[in-house]
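Labels below follow one simple rule: chain letters A, B, ... track the order of the sequence lines, proteins then strands, and each chain is numbered from 1.
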Amino acid sequence: MSKNTEIAKIFDQIASMLSILDENPFKIRAYKKAALNILELNEEIEDRVSRDDVTDIPGVGKELANKIKEYVETGKIEEYHKIQEKVPLEMTELLGILGLGPKTLALLYKELNVRSLEDLEKVLDGDEVLNFKGLGQKKVDEIKRGIPLLKESRERTHLGKALPLAESIKKEVENIKGTEGTIVAGSIRRMRETIKDIDILTISDNTEKTVKEFTKLPFVKEVLASGSTKGSVITNEGIQVDLRVVGPESYGGALQYFSGSQAHNVKLRTIASKNGFRINEYGIFKGEEKVAGETEKEMYGTLGLPLIPPELREDRGEIEAASEGRLPDLIELSDIKGDLHMHTKWSDGKATIQEMAEKAMELGYEYIAITDHSPSSTIANGLSIERLNEKRLELREINKKIKGIHILMGSEVDIKTDGSLDYPDEVLKELDVVIASVHSGFKMDRDAITKRILMALENPYVHALGHPTGRLINGREPYDVDIDQLIEAALKHDKALEVNSSYLRLDLKDLHVRKAVDAGVKVIISTDAHRTQQLLQMRLGIGTARRGWVQKKDVLNTLEFGALNEWLKSKK
DNA sequence: GCCGTTTTCGGCCCGACTGTTTTCAGTCG
């Protein structure tokens with residue numbers, strides 16, 4: 001875990017402990033906001049400390065800057081340990097229980113000596129807990145129901161799993177009579193790599209009835225809330241789904257509000273209020289008068305801004321860019337002309353070359369590259385040079401047989417631990433597309449793994465670096481590579497960095513790809529598909545790229561075949 | 001605790017739902 005992540009976590013926990021101590025809510029928010037912005041930071045916080053510009057991080061003032069310095073220099077923050085003498089750290093986790101907030105937790109802590117989850121469970125089963133004002137049996141039951149939920153849903157859900165689920169729920173909502181304009185909002189609309197819950201917005205003139213019917217849909221396991229304009233349920237998969245129902249006159253306001261992010265909305269509302277406007281989920285108001293609300297475009301337009309694409313709404317400078325007329329013209333799925341990274345039965349894929357090609361044609365692609373593994377990836381059935389040559393013959397035959405798509409001969413070549421590549425140069429030279437990737441030795445130290453990858457980028461026959469940080473979302477930490485050096489080297493040697501669209505990877509991630517294209521590095525967005533259906537995951541990579549402010553001009557596989565091929569051949 | 005083309009002090013986004021209230025507090029997003 002990087003220092004950034006560690007410090008953000010500590011600040012977040014301090015915020016939680018302060019909330020249980022009933023401290024100034026704005027102080028609590030200050031800690032939370034700082035934590036968020038440190039996570040968003042696209043560089044190592046140690047570098048900030050050594051340059052002495054920690055306070056340039058939004059939400060970090062003198063006090064928090066000192067704590068950051070203290071952590072970087074000594075490895076701990078005294079304040080953090082001091083507060084723990086008042087509130088045990090374990091208590092902060094209990095805040096994750098649905099329906100249990102800081103006030104109730106403070107009460108249980110003070111009056112009934114709750115110090116842990118175990119204590120809490122005991123207390124909830126006793127009678128004493130009912131002796132307090134504002135705490136009844138229903139509340140106790142709600143908290144009890146929340147405990148197993150906390151245990152099972154620690155992790156956020158992968159976008160690649162949540163998106164199809166959200167789309168199927170959207171269809172069911174569309175089937176409710178009288179609904180219109182149903183849309184998936186929230187972090188899914190922003191294409192965040194993981195999501196906590198599914199947010200659906202719909203229009204209806206009988207909002208209460210629509211919410212009622214929603215809570216009775218077959219996928220609903222449990223109803224958390226059901227009111228006159230919104231409902232919350234848990235699905236059989238254990239994911240929370242929130243439905244918001246509004247009239248057509250408020251659709252834009254609700255969509256804007258419901259798409260978030262929270263940070264984006266808070267900033268937008270703060271700016272609006274400085275200009276005499278008030279924003280809520282029904283629209284924009286000047287005094288009592290409603291001045292916008294029907295469409296999102298109108299909402300942003302009223303504030304003098306162009307419509308900001310959902311993927312950018314993270315308070316990462318998009319509002320400033322919008323007001324200065326320099327929003328990027330984001331890449332779209334339809335810009336993609338081909339897919340340069342996929343596997344077939346020749347290594348660990350499930351489909352043949354021909355099947356992959358036919359699927360790619362369905363998607364309207366001009367070209368694909370078949371990039372099976374190299375020999376060192378033995379568990380992935382990597383190809384020996386002999387099998388590589390056999391594969392080339394088959395590929396040539398299919399190219400003759402199938403018209404309308406160019407099938408390129410490629411390989412995803414292992415970068416070995418010493419930085420050398422898994423095929424000799426004279427073999428690499430004969431390939432149309434060479435993607436170099438790390439598949440082993442993830443634990444090397446920063447210096448070593450960075451040097452190792454830099455060596456691969458220096459090889460003249462390499463086109464792109466595959467899944468550059470090696471992370472698996474919710475599964476494996478990225479290897480400790482210096483991303484700045486990778487970007488520098490990619491630029492110097494004219495190599496592409498990959499945005500791998502596999503929902504488990506999404507690597508480069510949004511912040512990194514933004515840094516890369518800012519520096520002028522080209523990227524490829526590819527699926528790493530191991531079966532035909534996975535070619536459709538391209539949209540996840542596009543989402544990640546859009547979150548990274550990527551434009552069509554930054555992406556090599558938006559080029560027509562001729563132009564792409566010219567670039568590929570420049571590496572020979 | 002942060003921050004400043006309204007401010008270095010006095011603000012800090014805004015509303016829905018629920019439960020235990022008889023006008024609101026707590027929680028959530």
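- Each of A:Arg51, A:Arg446, A:Lys3 was evaluated against A:Glu44; a single residue qualifies, A:Arg446, per the salt bridge (charged side-chain N to carboxylate O under 4.0 Å, His left out) test.
- The side chain of A:Asn265 contributes no N or O atom lying less than 4.0 Å from OP1 or OP2 of B:dC13.
- An OP1 or OP2 oxygen of B:dC17 is reached within less than 4.0 angstrom by no side-chain nitrogen or oxygen of A:Ser226.
- As rounded to the nearest Å, B:dT20 and B:dA25 have C1' atoms that lie 10 Å from one another.
- When the side-chain nitrogen and oxygen atoms of A:Thr104 are compared with OP1 and OP2 of B:dT27, one or more of them lie within a distance under 4.0 Å.
- At the phosphate of B:dG29, OP1 or OP2 sits under 4.0 Å from a side-chain N or O atom of A:Gln240.
- Rounded to whole Å, the separation between the P atoms of B:dC17 and B:dT22 comes to 22 Å.
- Contact annotation for A:Gln262: base contact, defined as any heavy-atom pair under 4.0 Å involving a base atom.
- At a threshold of 4.0 angstrom between heavy atoms, the contacts of A:Lys32 with the nucleic acid are absent.
- Using P as the reference atom, B:dT18 and B:dC9 are 45 Å apart when rounded to the nearest Å.
- Comparing A:Glu142 and A:Gly59 against DNA chain B, the residue whose closest nucleotide sits nearer the 5' end is A:Gly59.
- Around the CD atom of A:Glu320, the shell of radius 6.0 Å holds more than 12 heavy atoms that belong to other residues, nucleotides or ligands.
- Both A:Gly134 and A:Tyr257 lie close to DNA chain B; mapped to their nearest nucleotides by heavy-atom distance, the more 5′-ward contact belongs to A:Gly134.
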